[in-house]
Undergrad: 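Take a look at the following structure, please.
Not measured: the values here are computed from a predicted model.
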Amino acid sequence: MQVPASFEFERAESVPHALELLERYGPEARLVAGGHSLIPMMKLRLAQPDALIDINGLAELSQLGVEGDTLVIGALVRHAALLADDAVGAYFPIFHEAERVIADPVVRNRGTVGGSLCQADPSEDLSAAFAAVRADAVIVGPGGSRTVPIREFHVGPYETVVEPGEILTELRVRIKPGAGSAYEKVERRVGDWPVAAVGAYLRTNEGMIVEAGLGLTAVGAEHFAAPDAEAYLIGKAAGEDVLREAARIAAASCAPQADQRGPVDYKRHLAGELTYRALSRAAERSRA
Amino acid sequence: MSTPMGFGRMHRKEDARFIRGRGGYVDDVNLPGMLYGAILRSPHAHARIVSIDTSAALAHPKVKAVITGETLAGLNLAWMPTLSADTQAVLATDKVRFQGQEVAFVVAEDRYSARDALELIDVEYDALDAVIDARKSLDPDAPIIRDDHEGRADNKIFDWEAGDKATTDAVFAQAEVTVTQDMLYPRVHPAPLETCGAVADFDKVTGKLTVWCPTQAPHAHRTLYALVAGLPEHKIRVISPDIGGGFGNKVGIYPGYVCAIVGSIVTGKPVKWMEDRSENLMSTSFARDYHMRGEVAATRDGKIQAIRVKVLADHGAFNGTAQPTKFPAGFFHVFTGSYDLRAAHCEVTGVYTNKAPGGVAYACSFRITEAVYLVERMIDVLAMELGADPAELRMKNLLRSEQFPYTSPTGWEYDSGDYQKTLQLAMDMAGYDALRREQAEKRDRGELMGIGIAFFTEAVGAGPRKHMDILGLGMADGAELRVHPTGKAVLRVSCQSQGQGHETTFAQIVASELGISPDDVDVVHGDTDQTPFGLGTYGSRSTPVSGAAAAMVSRKVRERARQVAAAMLEASPEDLEWAVNESGGAWTVAGTGAGKTIQEIALAAHSSLELPEGIEGHLDATCVYNPPNLTYPFGAYICVVDVDPGTGQVKVRRFIAVDDCGVRINPMIVEGQVHGGLADGVGMALMQLMAFDEDGNHLGASFMDYLLPTAMECPSWELGETVTPSPHHPIGAKGVGESATVGSPPAVVNAVLDALRPFGVRHADMPLTPAGVWRAMQGNPIRTDLAIS
Ligand SMILES: Cc1cc2nc3c(=O)[nH]c(=O)nc-3n(C[C@H](O)[C@H](O)[C@H](O)COP(=O)(O)OP(=O)(O)OC[C@H]3O[C@@H](n4cnc5c(N)ncnc54)[C@H](O)[C@@H]3O)c2cc1C
């Protein structure tokens with residue numbers, strides 16, 4: 001059995017209380033949400049926080065629903081809840097398709113959307129999905145709340161703009177007509193992290209692409225996005241050749257690294273293949 | 001499900017406790033005053049130890065002892081013998097030789113403090129170049145790993161050969177067609193869900209040492225402890241409680257066990273040590289790691305004539321493989337498989353590398369996995385060369401039933417078989433011709449579908465004591481059977497279940513021999529103070545050896561019962577007949593209705609009934625079973641896969657497995673064993689791998705990296721059976737515990753490569769991950785034992 005080093009444990013009663021505890025314990029304290037990234041790291045002693053501040057009881061971070069033209073996803077929404085929500089599936093199939101291939105049911109029952117994004121693993125699936133739909137992240141801190149576009153949220157591997165005393169509270173995604181989205185992932189085995197994965201979001205108007213979002217993960221795409229490929233798509237008809245060319249551009253723009261999941265050439269190939277597949281299905285859905 | 005009087009389907013007796021969470025494992029053992037151990041391991045693959053400073057750890061308020069190689073050297077325990085007559089460091093004194101090697105052992109009041117104290121030990125290392133690529137281990141400039149061996153100038157462990165080289169070479173020289181293929185059976189790990197561990201309790205007053213440990217071979221452990229530590233053998237008790245999976249990972253003695261024992265002797269308290277998942281994956285017995293070159297000689301019309309094999313065997317830093325003494329490459333030389341051929345020869349070279357020791361594990365039947373993989377891949381390579389159908393090619397070359405018993409070119413005597421029937425049944429179940437038609441249509445559309453066949457023959461149940469021993473201990477097994485006055489029985493056996501269901505099947509064996517209900521038979525195993533000597537459970541040997549002992553000892557009891565029954569019936573023993581009907585077994589006087597049931601006889605045997613001269617009373621008996629030969633289970637497997645040409649992902653769509661393991665005692669348990677082995681095979685073929693980077697870092701040391709298959713990767717297994725009894729086994733049974741693990745990997749790999757035919761790919765090494773498949777399609781296969789670059 002792997003055992004962590006010793007740490008203090010506090011249960012937060014509210015968001016202000018959580019902020020106060022963060023302040024009290026300082027930068028060596030960590031919030032714990034689902035714990036499915038943090039606890040394994042603590043057991044392996046790759047992380048040795050002085051204190052854990054448990055935010056699992058904070059109902060105000062668990063809201064999931066549509067407010068006007070915006071889908072609001074609380075930071076504490078579990079993977080399983082996002083997967084089970086009909087409105088999410090209707091407006092953004094990309095989230096359901098991503099969630100279906102994130103980890104396994106046990107992990108999905110505990111792991112959270114906020115924890116996933118804050119962990120900022122370079123292979124994280126939801127980072128790609130949120131990048132594709134250009135979500136906004138809402139962060140609160142001692143000085144109040146601020147909103148950060150998701151493509152500015154990740155600073156680098158395992159690093160985000162969330163400061164030590166801050167909490168990610170929710171993600172907001174605009175719901176627009178004529179949109180379609182899809183998610184494609186290759187994993188070595190069910191429950192594995194992606195070898196590569198791509199989320200695509202397209203809005204078409206009379207056959208022409210008016211908005212394009214591509215999120216790529218595990219392939220070294222900056223901010224999990226492929227802006228050149230997105231720009232190329234705008235104003236074009238979503239035919240096979242156009243989508244193939246966008247996929248080529250996206251693949252060329254990533255910087256995958258070799259590891260036991262695969263060599264660079266394969267990952268780059270996958271980035272292209274999966275971009276094409278995700279775009280094709282997103283395009284089909286945008287027309288439906 | 002009702003309980004049969006003997007053989008047949010019945011629920012497993014042990015499941016009543018397992019499904020209630022009432023199993024008892026080593027980690028469930030908690031003794032008063034028990035302390036906890038933790039091991040400090042080497043971060044380097046190869047380094048000289050300059051110094052070890054344990055003072056800060058010793059100063060930890062909850063630490064009771066810190067043991068290093070130096071402490072052990074004082075007790076002459078720094079090194080221990082391996083099961084291959086090499087030595088292995090218990091705690092490193094001079095050098096560390098693989099990443100994860102044991103360096104120091106902390107004993108503390110709780111698990112957490114023991115782990116914390118590891119960080120307080122300061123070891124200074126002087127890093128050395130490591131030998132990681134086995135293919136470079138014999139280079140003249142390779143660093144010498146085992147400089148503890150006096151006069152050693154290289155990393156070679158042994159050269160070994162089998163078969164007839166001259167005849168084989170002559171057949172090759174004349175052959176119409178020859179094919180050659182290099183292939184790697186990569187290093188994999190059995191990864192039992194329960195990791196290894198021990199609780200050691202040395203009683204200073206009685207001088208008795210009790211060790212709880214999930215060992216597959218409790219008696220062998222006891223004798224080895226006696227020989228190594230010099231403790232008197234009757235003062236050692238090894239208890240192997242419920243085991244959460246073994247697969248060969250729990251055969252040997254690990255340094256942690258010895259450390260726990262020393263820890264208990266030093267502190268005077270019981271000491272528990274349980275390794276964690278990464279420790280299990282990094283330091284305990286791996287499996288395979290065979291770099292093979294196979295060659296086949298055949299006629300142009302597809303008659304196989306000879307096979308030639310060269311193997312480079314990576315044994316890691318200490319030669320710790322577990323197999324009978326005279327077989328350094330295990331039973332690898334059954335690689336002629338199920339085929340009728342004229343000549344065969346193999347050469348195996350074992351080498352040291354800077355990796356964990358092991359090699360014989362993971363349900364391999366002493367390297368028959370490697371042998372079957374080699375020959376079944378080679379048959380497909382030959383089929384591709386000849387443009388032949390792989391099923392037809394096999395049919396043409398399989399041994400025919402009239403050839404049994406058959407002596408193979410490398411000296412094995414196959415006991416029985418009817419191979420064509422088994423392959424034909426598998427093909428019928430699969431709808432082979434329809435699958436080939438579907439494949440042809442799909443190929444025209446650019447879709448990749450593959451059909452893979454593997455036919456295997458195993459040689460299990462080691463073994464005849466004149467040929468087979470482990471460190472001098474012959475491989476015969478004892479059994480004791482007590483029958484209580486009311487006719488209930490207790491069977492004591494030396495082998496130890498790790499999930500095979502011995503408590504059920506062995507009870508069924510006794511039940512069928514005595515004509516009582518299996519519910520009336522308890523099976524005692526896993527405690528050396530309670531059971532007769534024997535060599536344990538691995539190599540599918542339990543039913544072939546201990547199962548035979550259970551049948552033989554039951555027959556002895558039955559014979560004793562005949563004598564008692566004769567006295568009861570005032571008849572001559574020769575006039576009695578044994579019969580079993582729905583109400584059970586009885587001895588009856590031939591030609592009359594008079595008889596006595598086994599329960600009546602048992603009561604009388606313990607009563608005041610006057611017995612004839614020379615008849616002792618009671619019915620208890622003991623026996624030792626020395627198998628006359630191995631048993632040879634076999635089977636035909638067919639796997640159907642679909643491959644995504646854009647991503648290289650493999651989906652196993654169907655898997656048909658027809659096994660012939662002779663007589664089936666409990667068909668449900670046999671099927672369970674097959675299911676597990678098939679899943680293992682899918683895992684090995686598609687995802688399991690322990691690669692190393694050039695510094696010797698282990699790249700598969702957690703379940704995030706070392707992937708075990710799940711239900712999602714497994715199709716609904718389609719099982720079939722044929723029954724060809726073993727002629728020399730008392731109940732005609734053969735082993736089955738490893739059959740599916742042996743037979744399934746080549747079926748999956750052959751299927752994937754069959755799917756890749758349009759790309760002209762002849763071979764790619766396991767595991768066939770999406771990246772591996774895609775690279776094979778590009779004609780640039782991945783070398784799977786090294787880090788992907
Ligand atoms: C076996 C397994 C397989 C997995 N497979 C995948 C996969 O295929 N794809 C994938 O994308 N993920 C995968 N994951 C990760 C999974 O999705 C995790 O649950 C997720 O990464 C972290 O969410 P969590 O709620 O458990 O976070 P925690 O572990 O609780 O926290 C992670 C980090 O985020 C911080 N944090 C959490 N919440 C907040 C917040 N509201 N504000 C600020 N900081 C916060 C914590 O302090 C910590 O540093 C897998 C995990 C496991 C265990």
Side-chain angles (χ1 to χ4, degrees), chain A residues 1-7 36-37 40-46 48 100-101 103-107 121 123 184-198 218-219 244 247 251 256-278 280, chain B residues 27 36 38 110-116 118-119 195 197 274-279 644-650 682-683 686-691 693 699-714 767-775 777-778 780 782 784 786-789:
Chain A
M1 192 174 77
Q2 282 153 338
V3 291
S6 71
F7 55 89
H36 273 294
S37 289
M41 290 205 307
M42 289 169 62
K43 287 181 147 201
L44 293 168
R45 301 208 176 197
L46 297 172
Q48 299 203 8
R100 223 169 269 135
V101 291
D104 51 53
V106 179
V107 174
D121 189 296
S123 301
E184 289 277 347
K185 171 173 172 175
V186 167
E187 52 191 2
R188 294 173 301 175
R189 189 207 63 193
V190 68
D192 189 23
W193 291 76
V195 181
V198 178
V219 289
R244 283 268 176 218
Q257 283 178 1
D259 59 19
Q260 290 309 97
R261 289 194 169 79
V264 169
D265 57 353
Y266 174 63
K267 290 187 179 183
R268 194 182 295 286
H269 163 79
L270 271 190
E273 180 68 25
L274 299 184
T275 299
Y276 171 74
R277 291 183 185 189
S280 304
Chain B
D27 208 6
Y36 294 82
D110 60 72
R111 230 169 229 179
Y112 293 83
S113 304
R115 176 69 183 77
D116 289 348
L118 294 184
E119 280 158 39
T195 57
M274 284 304 299
E275 67 189 6
D276 66 30
R277 178 58 54 195
S278 296
E279 293 182 288
D644 183 331
T647 65
Q649 281 172 298
V650 175
V682 167
L686 301 181
M687 62 194 77
Q688 276 163 237
L689 176 76
M690 347 211 63
D693 71 12
L699 302 176
S702 81
F703 278 163
M704 298 285 272
D705 306 299
Y706 188 72
L707 301 179
L708 300 185
T710 76
M712 301 296 283
E713 284 76 39
C714 297
L768 294 167
T769 59
V773 171
W774 184 80
R775 270 295 199 82
M777 287 159 64
Q778 314 304 308
N780 184 17
I782 287 174
T784 57
L786 305 177
I788 292 177
S789 58

Undergrad: May I ask you to name which of A:Arg261, A:Arg277, A:Gln260 has the most heavy-atom pairs under 4.5 Å with chain B?
TA: A:Gln260
Undergrad: So how far is it from A:Ser123 OG to A:Lys185 NZ, rounded to the nearest 0.5 Å?
TA: 9.0 Å
Undergrad: Given heavy-atom pairs under 4.5 angstrom as the criterion, report whether the side chain, backbone, both or neither of A:Asp104 touches chain B.
TA: neither
Undergrad: Give, as side chain, backbone, both or neither, the part of B:Pro709 having an atom under 4.5 angstrom from any heavy atom of chain A.
TA: backbone
Undergrad: Under 4.5 Å from any heavy atom of chain A, what part of B:Ser789 do you find: side chain, backbone, both or neither?
TA: backbone
Undergrad: Counting only non-hydrogen atoms closer than 4.5 Å, does B:Ser278 touch chain A with its backbone (N, CA, C, O), its side chain (CB onward), both, or neither?
TA: both
Undergrad: What part of B:Asp705 is in contact with chain A, defined as an atom under 4.5 angstrom from a non-hydrogen atom: side chain, backbone, both or neither?
TA: backbone
Undergrad: Need one label for A:Glu184: side chain, backbone, both or neither, based on atoms under 4.5 Å from any heavy atom in chain B.
TA: neither
Undergrad: For A:Gln257 and A:Lys267, which heavy atoms make the closest approach, and how far apart are they?
TA: O-NZ, 2.8 Å
Undergrad: Sort B:Arg775 into side chain, backbone, both or neither according to what part of it lies under 4.5 angstrom from a heavy atom of chain A.
TA: side chain
Undergrad: With a 4.5 angstrom heavy-atom cut-off, could you sort out which part of A:Gln2 is near chain B: side chain, backbone, both or neither?
TA: both
Undergrad: Could you pull out all residues at least two apart from B:Ser113 that satisfy side-chain hydrogen bond (donor to acceptor under 3.5 Å, both in side chains)?
TA: B:Asp110
Undergrad: Given a strict heavy-atom distance threshold of 4.5 Å, which part of B:Ile782 is in contact with chain A: side chain, backbone, both, or neither?
TA: side chain
Undergrad: Heavy-atom distance under 4.5 Å to chain B: side chain of A:Pro40, backbone, both or neither?
TA: neither
Undergrad: Of the backbone (N, CA, C, O) and the side chain (C-beta and beyond), which part of B:Leu786 lies under 4.5 Å from a heavy atom of chain A, both, or neither?
TA: backbone
Undergrad: Heavy-atom cut-off 4.5 Å, strictly under: side chain, backbone, both or neither for B:Glu275 against chain A?
TA: backbone
Undergrad: Measuring heavy-atom distances to chain B, does A:Val186 have an atom under 4.5 Å in its side chain, in its backbone, in both, or in neither?
TA: both
Undergrad: With A:His269, which residues qualify under side-chain hydrogen bond (donor to acceptor under 3.5 Å, both in side chains), at least two apart?
TA: B:Trp774
Undergrad: Checking A:Arg45 against chain B: side chain, backbone, both or neither under 4.5 Å from a heavy atom?
TA: side chain
Undergrad: Does any heavy atom of chain B fall under 4.5 Å from the side chain of A:Asp192, the backbone, both, or neither of them?
TA: side chain
